[in-house]
Number of protein chains: 2
Amino acid sequence: MDTYQKILTCAAELFAEKGFEAVSMRDIASQAGMRAPSLYNHFRDKQSLYQATLHEVFSQHNTALIGVLTSTDDPHGKLQQVVHISLLKMAEEPNFRLLLQRELLQNERDRLQFLAEEVMADTCHQLQAILQLINPQADHHFVITSLMGHLLFHVQIAQMRDFLPGVEDKHADLAYLSQQIYDSLLKSLK
Amino acid sequence: MDTYQKILTCAAELFAEKGFEAVSMRDIASQAGMRAPSLYNHFRDKQSLYQATLHEVFSQHNTALIGVLTSTDDPHGKLQQVVHISLLKMAEEPNFRLLLQRELLQNERDRLQFLAEEVMADTCHQLQAILQLINPQADHHFVITSLMGHLLFHVQIAQMRDFLPGVEDKHADLAYLSQQIYDSLLKSLK
DNA sequence: GTCTATAGGCGGATAGAC
DNA sequence: GTCTATCCGCCTATAGAC
């Protein structure tokens, strides 16, 4: 892995964990085994490094999902796979979810537009086509939004689940969660 | 309103909008019509001010919800009201949602435990009792988590809805959203 | 392409006058 | 209880040696 990629990887980790403001160029450089000024040979400034990090993480995640969405499965199987794989990927590699959720907390219009168009639009369109086959009458925009909310929130809440009432062993099982989310998705489609 | 409360109000606004790291004591003081050192007559340091802000905003929101949850309505009516009022309150006064979501992004165990026990536990228990009356067989923990995810995410996504595919006018209507969320909640309970 | 040294600004926090 | 003045550290970013 070349230096450029090494920096992006470390930056993704730190920005995801602590957020843009809480991470210094020294932190990133240190993580990447160099000094802060060296970063400026690869990125114009901190903002550029952050943007490049977002682009890297988001596009990687998207191409991973497209494989599932363009498979030849029937609509139900595809839907189930999307839920399952999204959960798995977000659980084992939290950078995508964290960076996305941090960006969602910004209320600058152009950053939200970037998120919508560059990160979510493709997946939404693919999902829409699938839902169309299952139930053309349903409110697809609502259902897709609900699905994204489900996926993000259930993974996010995993770390504090032990502190919440009514929790059982099965809730730590991603396969069970995935099944529940898929079930309630289908029910809300009918 | 005394100075103490004035500071808390301004701090809540700024912390919610920009996050802890991105807000300086000078920013808060300026918003409250004073100079930064004056803040230290009311709060030991920035962390204390932040904690006090969280406590203020979270407890206010919780007491507002308890009124609904302890009303004498039937379970279905209560549930519908909880959804509706939560959406309304979060839409018109975003500080609670933003501070909650920012705290959820931390992965420090004790802060998550604080959130779970001081912010969510009461509401969860009340909801659990309601769900028990509707369908004792259902996975209440999952349903309640889903509901919270729904509420938070649909309000959050409101600002970028125009950029997402398949959006229609009705999606900007809180009453419609509230109905949809309640409907899918009931369906996933059956 | 990486380093040291450093500029220049902003951050949290305190001292002490009023 | 609020202010001005100030300390001191960390920040981003650049200059220039190697």
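To find a chain, count down the sequence lines: A is the first, B the second, and so on, and within it residues start at 1. Just the heavy atoms: all of them, side chains too, but no hydrogens, waters or symmetry mates, feed the values below.
A cation-pi arrangement, defined by a distance under 6.0 Å to the six-membered ring centre and an angle within 45 degrees of its axis, is absent between B:K170 and A:F142.
OP1 or OP2 of C:dC3 sits under 4.0 Å from a side-chain N or O of A:S38.
Summarising the geometry, the separation between CG on A:L39 and P on C:dT4 is reported as 13 Å, rounded to the nearest angstrom. B:M34 places its CE atom 17 Å from the P atom of C:dA13, with the value rounded to the nearest Å. Spacing between atom CD1 of B:I28 and atom P of C:dG11 amounts to 11 Å, rounded to whole angstrom units.
For CG of B:D169, the number of neighbouring non-hydrogen atoms (other residues, nucleotides, ligands) closer than 6.0 Å is 12 at most.
Applying the salt bridge (charged side-chain N to carboxylate O under 4.0 Å, His left out) rule to pairs touching residues 13-32 of chain A yields nothing, sequence neighbours excluded. Pairs of residues two or more places apart, or lying in two chains, that qualify as ring pair (Phe, Tyr, Trp, His ring centres under 6.0 Å) and include a residue from residues 84-107 of chain B are B:F58-B:F96, B:H61-B:F96.
Residues B:N107 and A:L98 form no side-chain contact, since every pair of their non-hydrogen atoms from C-beta on lies 4.5 Å or further apart.
Side-chain atoms of A:D122 and A:Q126 form no donor-acceptor pair, as typed in the model, at a separation below 3.5 Å.
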Scan nucleotides 9-16 of chain D nucleotide by nucleotide, 5' to 3', and note B when protein non-hydrogen atoms come under 4.0 Å of the base, S if they reach only the sugar-phosphate, - if neither. --BBBB--
